[in-house]
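Here, residue 1 is the first one in the sequence, and each next residue gets the next number.
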Amino acid sequence: MASASEGMSCYTIINPPEIELYNEMQIKQDLEKGEVNVKIETMKKVIQLMLQGERLPNLLMTIIRFVLPLQNHTLKKLLLIYWEIVPKTSPDGKLLQEMILVCDAYRKDLQHPNEFLRGATLRFLCKLKEPELLEPLMPTIRSSLEHRHSYVRRNAVLAIFTIYKNFDWLVPDGPELIANFLDTQQDMSCKRNAFLMLLHADQERALNYLASCLDQVSSFGDILQLVIVELIYKVCHANPAERSRFIRCIYNLLNSSSNAVRYEAAGTLVTLSTAPTAIKAAVSCYIDLIVKESDNNVKLIVLDRLIALKENENIERIMQELVMDVLRVLSATDIEVRRKTLALAMDLVSSRNIEEMVLVLKKEVSKTHNIEHEDTGKYRQLLVRTLHTCCIKFPDVAAAVIPVLVEFLSDTNELAAGDVLVFVREAIQKFSHLQPLVIEKLLEAFPAIKSAKIHRTTLWILGEYANSLKDIMEVIGVVNRALGEVPIVEAEQSRLAGNEAGEEEQKTTETMANSTNKVTSDGTYATQSAFSVAPVAKKVERPPLRQYMMDGDFFVAATLASTLTKLALKFIQLEPNEKKQNRLCTCAMLIMSSILHLGKSGLPTKAITNDDTDRIYLCLKTLTLQTPEIVEIFTQSCKNALANMLTAQSEEKAQEKKDKQQKNAAKIQPDDPIAFTQLANGKHDQLGENVFELSLNQALAGTKSTALTDVASPNSKLNKVTQLTGFSDPVYAEAYVHVNQYDIVLDVLIVNQTSDTLQNCTLELATVGDLKLVEKPHPVVLAPHDFCNIKANVKVSSTENGIIFGNIVYDTTFSSNVVVLNTIQIDIMDYILPASCTDTEFRTMWVEFEWENKVSVNTTLTDLHDYLRLLLKSTNMKCLTPEKALSGQCGFMAANMYARSIFGEDALANLSIEKPLDRPDAPVTGHIRIRAKSQGMALSLGDKINHTQKCLQEKSVAA
């Protein structure tokens, strides 16, 4: 049974104007008696009505009689569109008699003296599917190959190509005709179209032509070069023995003036040859394209291609020698390009070129100090993280990197400075020989730090790793200078008293100086003084640590107390002189008690919190009693906790890398059954995947699948089929819903289950949510028990659950009927992908995002880990909490999760669940808090979680 819509074209009206109710008699009258301008507007109206589903069969003869003979070029173009969409056959499938007149008009247009009109008519003939109309025109089409104008000739080639492809008996000598035409042509567009036809119709002739002009390929136009690249790839993929014949041609095309040709040639070269010279040439070409191309989208596409090449172990070894060339891409200004470039460089760098890479990165760091751009702060952060990774991966370069990075501590960008301290903390823990250098550089940078958070972390590192008497005394000296005069309250009160006295004297002097005589409106004198002038408050310059406390930030004070305690306890262990021990302890205790006094004095903008007070009291008590257990905690346990955390992080990264390698490894074991789709188009083919077929399949079926076997899987589509009507309905319908990033394709199968012919069978759709129907499906005629496929496109603009609903309307001999369709739910999970971020970024986004959705846990599951796995699977989110932090059974679990949509929207979730340990069969309880920037995403994720929990409960009840 042939599909009723087979051979019918699909049209899209872009922003059509609203068309009022039409009068067919008025349209006829305008076409018969109207002026040319009126006929033009009427033809546009007729075309729009037909595209919206109107049949208008009575207008055909009117248009043939009164519009077709006119020579106006605008009308000629409109007529070509009209002939394309008008039904040319009667209901029984026979060609309409009126089309003979139209065919004669085609022939006259093909002989018209105007080149544009001839070329446009030839292009129109490519869309005709009726051989009865084409057969009388063949001599005229063939003669157009010899026309003097290239526009006519190249469209004549296209016409012959499509006619040969659809009805080869109309032009049986097509390949020979075009091969002879190709030998005599000079115009590049004509040669390209002719070569394209030979490529698809007769590859042997195309190869013979290419072999005869291999030396001239580099001088051809880019449109012809692209077709040549495609031919070489297809021939070599089908017959690997031909590679040596054409590989030199591909090498030459790497130097083409067209970036598109160079990109395709590089991709073809990589798939045809695994020789190191070929890989180097292709990768160098890719890098050159990224550097020279101004479009950021192109840069990202080529970068993704390089990243994909790196996944091949053999290619990765060759690419390692080109790391310095990859770093040339950092000259781009786009932050995403730079991020991908640095990640690629880090994956490729080796001990042979790490020093050169560090030099380049140090130069990039120095450049960021002089350039102020909106992404400069993020770029600095990227550079810091990359240098951090370099040092951990190659410890030999750490000594050269640390002085450069410590300069960032005085930077106003807190993110970059924070990342520097994360690196310094790891470096000082892992590389004990660098501890003196790190301490020295931190002491130098300490006075210039501008952020309380950076000061806190620096104080912790100094307190933890200043182990010699000299370092301890230097740290305490730096702290005293950053804190100022102690006791703090007395110093602030005396400063305040001195300022008040000075201000009184200044006010008196200014009052006397500013008293002036003024003449009023009635002629009398009046004295004006400066008492009404508000005094300008002078900002008091204080040392940084004291300024934080005066601003109410006593968290830094608690960190300072802990640091002083650690330094004093270490000093006691190192210094035998008891007098010096007591002097240092007294100094530390004085500073702590002074901070406590300041916190309660009312001078700061905010009083000290109870937590900070308790922490400082604990430090005072520790220095007073010096209990061995507490001393052990202060001097050793903190350092051990950091070491354990860093070890856990490195183990987690190693495990992720191992899992990724296992995922990329061959999944087919020796005893596994053979899947024939893999034999037909496997990844382990001699020349790799067929990239042309792959790109075509991805264009048709979306970009989520990366393998041909995924695209062509017979079971993948069945999972996405939605039944729209019942089996007992007169019209049965089901839809395959394919989500392709920003649009949804509905492939609807409609089956006529009656014994009547259904006229004007129309699929009417509407949407709810951020969905928009792109085009109105065209009406079809269904014969008894016939079927057809209708496609509809829906555009998606945000991550939100959507609903598509509608009905099928059709006419029978006696009545019009409507079948209401089942609704199609668009799942938010098609747009959400797992992603990762740092704890700092998670906390920042958590504070910024204003939409929160709190979902209660309602499940029959009794294991906390099982519920977490179910949640991650159903929401496509990634758990940011390390596996070790979640291990074990304590009756409570808290985890952070993160995901990112294809539209760039972030989704955060915090899971807090518990269950009583004394009741093993008790279900998990708790809640999930979801935060997102948009309300739709937060609500949709909550609905998805509730739906998953409901389905699980229904399954357990059924069981």
So, does [X] use its side chain to make a donor-acceptor pair with the main chain of [Y] at under 3.5 Å?
X    : Y    : answer
T386 : M346 : no
S901 : I832 : no
D729 : V731 : no
E311 : A308 : no
D551 : D553 : no
S856 : H927 : no
K915 : T862 : yes
Q753 : F727 : yes
T725 : A733 : yes

Seminar exercise, completed: Those residues at least two apart in sequence (or on a different chain) that pass ring pair (Phe, Tyr, Trp, His ring centres under 6.0 Å) with F842 are W846
For this session: Dump the intermediate steps for side chain to side chain contact (heavy atoms under 4.5 Å, CB included) on W851 and Q935, then the final yes or no.
Result: CA-CA 6 Å; W851 292 104; Q935 182 185 19; 3.6 Å; yes
Is it true that [X] and [Y] have a side-chain N and a carboxylate O under 4.0 angstrom from each other?
X    : Y    : result
R615 : D612 : no
R919 : E914 : no
D334 : K299 : no

Locate the shortest heavy-atom distance separating [X] from [Y]; write the atom from each residue and the value.
X    : Y    : result
V809 : V818 : CG2-CG2, 4.2 Å
A909 : I928 : CB-CG2, 4.4 Å
V748 : A735 : CG2-CB, 4.0 Å
L782 : C788 : CD2-SG, 3.8 Å
R380 : T368 : NH2-O, 2.8 Å
C761 : I808 : SG-CG2, 3.8 Å

Which value, rounded to the nearest 0.5 Å, describes the distance between [X] atom [atom1] and [Y] atom [atom2]?
X    : Y    : atom1 : atom2 : value
M877 : L908 : CE    : CG    : 6.5 Å
L646 : L642 : CG    : CG    : 4.5 Å
R900 : L833 : CZ    : CG    : 10.0 Å
Q949 : K944 : CD    : NZ    : 12.0 Å
L383 : T376 : CG    : OG1   : 10.5 Å
L952 : L861 : CG    : CG    : 5.0 Å

Do [X] and [Y] come within less than 4.5 Å of each other through their side chains, counting heavy atoms only?
X    : Y    : answer
I744 : V737 : yes
K310 : L344 : yes
I454 : V420 : no
H865 : M893 : yes
N296 : E336 : no
Y867 : I913 : yes
P777 : K791 : no
T925 : V857 : no

For this session: Decide yes or no on side chain to side chain contact (heavy atoms under 4.5 Å, CB included) for I750 and F787, but give the supporting numbers first.
Result: CA-CA 6 Å; I750 298 178; F787 66 88; over 6 Å; no
For this session: Let me know which of E850, E905, E852 forms a salt bridge (charged side-chain N to carboxylate O under 4.0 Å, His left out) with R931.
Result: E852
Judged by modelled atom types alone, do [X] and [Y] share a side-chain donor-acceptor pair under 3.5 Å?
X    : Y    : result
N760 : Y810 : no
N910 : S912 : yes
T647 : N644 : no
Q953 : N858 : yes
S816 : D811 : yes

Problem set entry | Candidate pair V924 and D863, rule side chain to side chain contact (heavy atoms under 4.5 Å, CB included), full reasoning | CA-CA 7 Å; V924 173; D863 186 84; 5.9 Å; no
Exercise. In terms of heavy-atom contacts, does NZ of K450 have more than 12 from other residues, nucleotides or ligands at under 6.0 Å?
Worked result: yes
Problem set entry | side chain to side chain contact (heavy atoms under 4.5 Å, CB included) assessment of V819 paired with N807 | CA-CA 5 Å; V819 178; N807 49 51; 6.0 Å; no
For this session: Test the R338-Y379 pair against the cation-pi criterion, namely NZ or CZ under 6.0 angstrom from the six-membered ring centroid and within 45° of the ring axis.
Result: yes
